[in-house]
Undergrad: 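Handing you this structure, nothing more for now.
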Amino acid sequence: MKSGFVAVAGRPNVGKSTLVNALCGGKVAIVSDKPQTTRRRIFGIANGDGYQLVLADLPGFQRPRDALTERMQRTVDSAFEDVEGVLFVLSARERIGAGDRFIAQRVFSFGVPVVIALNKVDRLKPGHVATQMDTASKLGDFHALHPVSAKTGDGVAELRDELVELLADGPAYFPPEQRSDLSREEEIGELIREKALALTREELPHAISVEVEEIDEKVVRASVYVETESQKQIVVGKGGSIVKDIGTRARPEIEALVGHQVFLELVVKVRPRWRRDEATLDRLGV
Ligand SMILES: Nc1nc2c(ncn2[C@@H]2O[C@H](COP(=O)(O)OP(=O)(O)OP(=O)(O)O)[C@@H](O)[C@H]2O)c(=O)[nH]1
Ligand SMILES: [Mg+2]
């Protein structure tokens, strides 16, 4: 049996979580088109013939602005101990620049193999991909470089094989049926947050958090927190239309998770400055 941990590093929004999901063959982490979607470390578990690869999906590297983002960056800073390697994710759709070089300085200093995934190569011209691969290859002394599309799955199997090569003899850390280290409540809270992120824009997505209060046979009760009354009005929507939409989108995925129909009760609440409140952040597990 081969096993071990690989940390997933990169700028916000490059597709780290989408790639972790693709590598694990199912949804582990939520995804959105807004940066700073991932707020805490999530282990995504990929089991295969004679191996267990545990991917540590992480928030993107960022400059902290408040207690929330400070904690997120601390999570990133402490995630590279005891890993067999680092998966350094870049977006081929953006200029590879100072932000990536800053992260490269860190990840190439840990003394473990760095595998670069040049993500989002779907629908890019081969010449452009080649140029981006050339730029990526100059970031540091990488172990391997894979062009991939987490979205279409192109190159993902080859990347997985590469990461499995880094594993050492060891035990399975998680039971084979387990796909992540999130609790049921956390998984459901994240699904609801994903739908709320999809329906909001600009600063609002960053001000949203979700807490699941109760899960029983028939009912899931959860609160969607924002920081101000005007944000609440937006998330509730005209006649409750937005919060209803969040629920409609989240419910099928929650039902697939728990294996039966549920009634989803969502309430939007204001909790001023929760992003700066350590007790709230403790409760959210960030
Ligand atoms: N075209 C394309 N889009 C992708 C690909 N992978 C991810 N995306 C999109 O990129 C956006 C960000 O994806 P995430 O997986 O949330 O990115 P992340 O790096 O985890 O972001 P943070 O958690 O905020 O740091 C989403 O809109 C994804 O759909 C890809 O291979 N191709
Ligand atoms: Mg993410």
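Counting starts at 1 for both ligands and their atoms, following the listed order.
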Undergrad: Among all protein heavy atoms, pick out the one at the shortest distance from atom 14 (P) of ligand 1; state its residue, atom name and that distance to 0.1 Å.
TA: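 Scanning the protein heavy atoms, the shortest distance from atom 14 (P) of ligand 1 goes to T18 OG1, 3.5 Å.
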Undergrad: side-chain hydrogen bond (donor to acceptor under 3.5 Å, both in side chains) between D122 and S149: does it pass, once the steps are laid out?
TA: CA-CA 6 Å; D122 47 288; S149 168; 2.8 Å; yes
Undergrad: Going only through I, L, V, M, F, W and Y residues with side-chain contacts under 4.5 Å, is there a path from L87 to Y51?
TA: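 Yes, same cluster.
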Undergrad: Applying salt bridge (Lys or Arg N to Asp or Glu O under 4.0 Å) between E227 and each of R275, K232, K269, report the one that passes.
TA: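 The option that passes is R275.
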Undergrad: Starting at CZ of R40, measure out to CG of L68 and round the result to the nearest 0.5 Å.
TA: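 CG of L68 is found 12.5 Å from CZ of R40.
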Undergrad: Which of the numbered atoms in ligand 1 are under 4.0 angstrom from any heavy atom belonging to P35?
TA: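 It comes down to these atoms of ligand 1: 24 (O).
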Undergrad: Quick check: does any side chain N or O of K34 sit under 3.5 Å from a backbone N or O of T200, one acting as donor and the other as acceptor?
TA: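 Pair found, side chain donor or acceptor close to backbone of T200.
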Undergrad: How far does CD1 of I188 sit from CG of L182, to the nearest 0.5 angstrom?
TA: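 Answer rounded to 0.5 Å: 11.0 Å.
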Undergrad: For side-chain hydrogen bond (donor to acceptor under 3.5 Å, both in side chains), just list the numbers for Q36 and Q62, CA-CA rounded to whole Å, side-chain angles, deciding distance to a tenth of an Å, and then say yes or no.
TA: CA-CA 9 Å; Q36 292 158 15; Q62 63 179 322; 2.8 Å; yes
Undergrad: Once you restrict to heavy atoms under 4.0 Å, what part of S149 touches ligand 1? Side chain, backbone, both or neither.
TA: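 S149 to ligand 1: contacts from backbone and side chain alike.
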Undergrad: Are V89 and L19 close enough that some pair of their side-chain heavy atoms sits under 4.5 Å apart?
TA: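 Heavy-atom side-chain distance check passes, below 4.5 Å.
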Undergrad: Please identify which atoms of ligand 1 are closer than 4.0 Å to at least one heavy atom of S32.
TA: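 Heavy-atom distances to S32 below 4.0 Å select 11 (C), 12 (C), 13 (O), 16 (O), 26 (C), 27 (O).
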Undergrad: Compute the ring centroids of Y173 and F5, then answer whether they are less than 6.0 Å apart.
TA: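 Ring centres of F5 and Y173 closer than 6.0 Å.
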Undergrad: Suppose I only count heavy atoms of S17 and a 4.0 Å limit; which atoms of ligand 1 are within that range?
TA: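 Every atom of ligand 1 under 4.0 Å from some heavy atom of S17: 15 (O), 18 (P), 20 (O).
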Undergrad: Between V148 and ligand 1, is there a nitrogen or oxygen pair with a distance under 3.5 Å?
TA: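 Between V148 and ligand 1 (N or O atoms, distance only) the closest approach is not under 3.5 Å.
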Undergrad: Among residues two or more places apart or on two chains, list those pairs meeting salt bridge (charged side-chain N to carboxylate O under 4.0 Å, His left out) that have a residue in residues 4-30.
TA: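 Counting only pairs at least two positions apart or across chains, the salt bridge (charged side-chain N to carboxylate O under 4.0 Å, His left out) contacts touching residues 4-30 are R11-E94, R11-D100, K27-E194, K27-E253.
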Undergrad: State whether R71 and D66 are salt-bridged, where the test is any N-O pair (Lys NZ or Arg NE/NH1/NH2 against Asp/Glu carboxylate O) under 4.0 Å.
TA: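 The answer is no: the pair does not qualify as a salt bridge.
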Undergrad: Identify whether NZ of Lys or CZ of Arg in R41 sits under 6.0 Å from the centre of the six-membered ring of F43 and within 45° of that ring's axis.
TA: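 R41 over F43 ring: yes.
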Undergrad: Angle class for the F108/F88 ring planes (parallel below 30°, perpendicular above 60°, tilted otherwise)?
TA: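 Judged by the thresholds at 30° and 60°, the geometry between F108 and F88 is perpendicular.
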Undergrad: Suppose I only count heavy atoms of D33 and a 4.0 Å limit; which atoms of ligand 1 are within that range?
TA: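 So the atoms of ligand 1 that pass are 27 (O).
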Undergrad: Could you please tell me which protein N, O or S atoms lie under 2.8 Å from the Mg ion (ligand 2)?
TA: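 You should have found S17 OG, T38 OG1.
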Undergrad: Quick one: nearest non-hydrogen protein atom to atom 22 (P) of ligand 1, plus distance?
TA: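 Nearest neighbour among protein heavy atoms for atom 22 (P) of ligand 1, to 0.1 Å: N13 N, 3.6 Å.
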Undergrad: If you measure every N or O of K120 against every N or O of ligand 1, does any of those distances drop under 3.5 Å?
TA: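 There is such a contact, yes.
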Undergrad: Looking only at heavy atoms of G10, does any of them come nearer than 4.0 Å to an atom of ligand 1?
TA: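 The answer is no, since G10 has no heavy atom less than 4.0 Å from ligand 1.
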Undergrad: Indicate yes or no: does an N/O atom of G15 lie under 3.5 Å from an N/O atom of ligand 1?
TA: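 Yes, at least one N or O pair falls under 3.5 Å.
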Undergrad: Show, in sequence, the C-alpha distance, side-chain angles and deciding distance for E162 and H146, and conclude whether the side-chain hydrogen bond (donor to acceptor under 3.5 Å, both in side chains) test is met.
TA: CA-CA 9 Å; E162 187 82 64; H146 287 256; 2.7 Å; yes
Undergrad: Backbone, side chain, both or neither: what part of A29 comes under 4.0 angstrom of ligand 1, heavy atoms only?
TA: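 The answer is neither.
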Undergrad: Kindly identify the option in N119, D57, T37 whose heavy atom sits closest to atom 6 (N) of ligand 1.
TA: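 Among N119, D57, T37, the closest heavy atom to atom 6 (N) of ligand 1 comes from N119.
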Undergrad: Where do E213 and S223 land on the side-chain hydrogen bond (donor to acceptor under 3.5 Å, both in side chains) test, with the steps shown first?
TA: CA-CA 7 Å; E213 269 112 36; S223 301; 2.9 Å; yes
Undergrad: Distance under 4.0 Å to a non-hydrogen atom of G60: what atoms of ligand 1 satisfy this?
TA: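 By the 4.0 Å cutoff, the relevant atoms are 25 (O).
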Undergrad: For atom 32 (N) of ligand 1, which protein heavy atom lies nearest, and how many Å away is it?
TA: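 Atom 32 (N) of ligand 1 sits closest to the protein heavy atom D122 OD1, 2.6 Å.
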Undergrad: Which of the numbered atoms in ligand 1 are under 4.0 angstrom from any heavy atom belonging to K16?
TA: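 Close to K16: 15 (O), 17 (O), 18 (P), 19 (O), 20 (O), 21 (O), 22 (P), 25 (O).
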Undergrad: Classify the contact between Q36 and ligand 1 as side chain, backbone, both or neither, using a heavy-atom distance cut-off of under 4.0 Å.
TA: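 Near ligand 1, Q36 shows its backbone, while the atoms from C-beta on stay back.
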Undergrad: I'd like to check whether A150 has a polar contact with ligand 1, where a contact means an N/O of the residue lying under 3.5 Å from an N/O of the ligand.
TA: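 There is such a contact, yes.
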